[in-house]
Novice: 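The following block contains the structure, expressed as structure tokens.
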Amino acid sequence: MGEKITVALAGAILLVMLPCLITLALNGRYEGITVDMLDSGRDVLINIDGENQLMDVEEYLVGVLPQVVDYGATKEFVEAQAVAVRTKVYYAMGDKTVINAGDLSYEYFDDNKYMNKYGIDNYQNIKKEFEQAIVNTAGQIIK
């Protein structure tokens, strides 16, 4: 009797979980996650509008991708570049958890620079594509 209850309970759990697993497999595991939710535990000290600010590496990468990737590149290429740039930043940091942006060879694109490069009508969609590449590869580096 106890075995039948266990099998029935396992079947019910599987029935509930199966649609979730299928959705997860089809849509990816990062649905609903945004860059500002990520916390790598590593920060970049950057000067924005005359103020020094600590910014998580993941968020910093969103501002660096426009320098290293042309808009229109494939999703896979953008993600590969996100991993490569993150690897370079981590390598430059070594064991430290904070690095000065001036010690890196990247120009940071804030919203104004995004607008200047891509236009006021397009920059938000383009920035979202770069953000999604960062989310999809969060924490990944080349070893």
Novice: Are the charged groups of E58 and R86 less than 4.0 angstrom apart, N to O?
Specialist: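 Salt bridge present between E58 and R86.
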Novice: Taking a hydrophobic cluster as the set of Ile, Leu, Val, Met, Phe, Trp and Tyr residues connected by side-chain heavy atoms closer than 4.5 Å, whether directly or through intermediates, do I120 and I126 fall within one such cluster?
Specialist: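 Yes, one cluster joins them.
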Novice: Could you tell me the separation between the OH atom of Y90 and the CD1 atom of I141, rounded to the nearest 0.5 Å?
Specialist: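 CD1 of I141 is found 7.0 Å from OH of Y90.
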Novice: Taking T137 for its side chain and Q140 for its backbone only, find out whether a donor-acceptor pair lies under 3.5 Å.
Specialist: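 No; judged by distance alone, with no hydrogens or angles, the pair does not exist.
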Novice: If only atom types and distance count, is the side chain of D56 paired as donor or acceptor with the main-chain N or O of S40 below 3.5 Å?
Specialist: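 Looks like yes, one N/O pair under 3.5 Å.
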Novice: Shared ILVMFWY cluster between V64 and M115, side chains joined below 4.5 angstrom?
Specialist: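 Both belong to a single hydrophobic cluster.
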Novice: Would V89 and M93 satisfy side-chain contact (heavy atoms from CB on, under 4.5 Å), going step by step from the backbone distance to the final call?
Specialist: CA-CA 6 Å; V89 172; M93 293 177 94; 4.1 Å; yes
Novice: Checking K113 against Y118: charged group under 6.0 Å from the ring centre and within 45 degrees of the axis?
Specialist: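 The answer is no; the distance or angle limit is not met.
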Novice: Looking at every heavy atom in both L65 and I134, which two are closest together, and how far apart are they?
Specialist: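 Heavy atoms of L65 and I134 come nearest at CD1-CD1, 3.7 Å.
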Novice: Looking only at heavy atoms, which two atoms of V98 and L54 are closest? And how far apart?
Specialist: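 Nearest pair, atom of V98 first, then L54: CG1-CD2, 3.8 Å.
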Novice: Using a 3.5 Å distance criterion without hydrogens, assess whether the side chain of Q67 forms a donor-acceptor pair with backbone atoms of E107.
Specialist: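 Judged by distance alone, yes, a pair lies under 3.5 Å.
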Novice: Taking the inter-plane angle between the rings of Y114 and F130 on a 0 to 90° scale, is it parallel (under 30°), tilted (30 to 60°) or perpendicular (over 60°)?
Specialist: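 Y114 vs F130 ring planes: tilted.
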Novice: Quick one about T87 and K143 (side-chain donor to acceptor, distance below 3.5 Å, no hydrogens or angles considered), yes or no?
Specialist: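 Note: K143 and T87 side chains miss the donor-acceptor criterion.
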Novice: As a quick check of understanding, evaluate side-chain contact (heavy atoms from CB on, under 4.5 Å) for N52 and I46, giving each step before the final call.
Specialist: CA-CA 5 Å; N52 286 331; I46 187 165; over 6 Å; no
Novice: Just how far is it from atom CD of Q81 to atom CD of E76, taken to the nearest 0.5 Å?
Specialist: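 Taking CD in Q81 and CD in E76, the distance rounds to 13.0 Å.
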Novice: Please report the C-alpha distance between F109 and N116 in whole Å, then the side-chain angles of each, then the deciding distance to 0.1 Å, and finally whether the side-chain contact (heavy atoms from CB on, under 4.5 Å) criterion is met.
Specialist: CA-CA 10 Å; F109 280 62; N116 289 336; over 6 Å; no
Novice: Is the shortest heavy-atom distance from the side chain of E79 to the side chain of T74 under 4.5 Å?
Specialist: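 Sidechains of T74 and E79: no contact.
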Novice: Measure across P66 and V62 and return the closest heavy-atom pair with its distance rounded to 0.1 Å.
Specialist: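 Minimum heavy-atom separation between P66 and V62: CD-O, 3.4 Å.
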Novice: Which heavy atom in I99 sits nearest to a heavy atom in L104, and how many Å separate them?
Specialist: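 Result for this residue pair: CD1-CD2, 3.8 Å.
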Novice: CE of M37 to OG1 of T34: how many Å apart, nearest 0.5 Å?
Specialist: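 M37 CE to T34 OG1: 4.0 Å, rounded to 0.5 Å.
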Novice: Same hydrophobic cluster for V35 and I48, using side-chain heavy-atom links shorter than 4.5 Å among ILVMFWY?
Specialist: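 Yes; I48 is reachable from V35 via cluster members.
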Novice: Would you compute the distance between atom CG of N125 and atom CD of E129 and round it to the nearest 0.5 angstrom?
Specialist: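 Here the rounded value is 7.0 Å.
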Novice: CG/D70 to CZ/F77 distance, rounded to the nearest 0.5 angstrom?
Specialist: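 Rounded to the nearest 0.5 Å, the CG-CZ separation comes to 8.0 Å.
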Novice: Could you tell me which non-hydrogen atom of V57 sits nearest to which non-hydrogen atom of D43, and how far apart they are?
Specialist: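 Smallest interatomic distance, heavy atoms only, reads CG2-N, 4.1 Å.
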Novice: Under 3.5 Å, is there a donor-acceptor pair between the Q132 and N136 side chains?
Specialist: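 Distance-only check passes for Q132 and N136.
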Novice: Would you say NZ of K117 has more than 12 non-hydrogen atoms from neighbouring residues, nucleotides or ligands within 6.0 angstrom?
Specialist: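 Buried by this count: over 12 neighbours within 6.0 Å.
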Novice: Can you give me the closest heavy-atom contact between A82 and L61, atom names plus distance?
Specialist: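 Minimum heavy-atom separation between A82 and L61: O-CD1, 4.2 Å.
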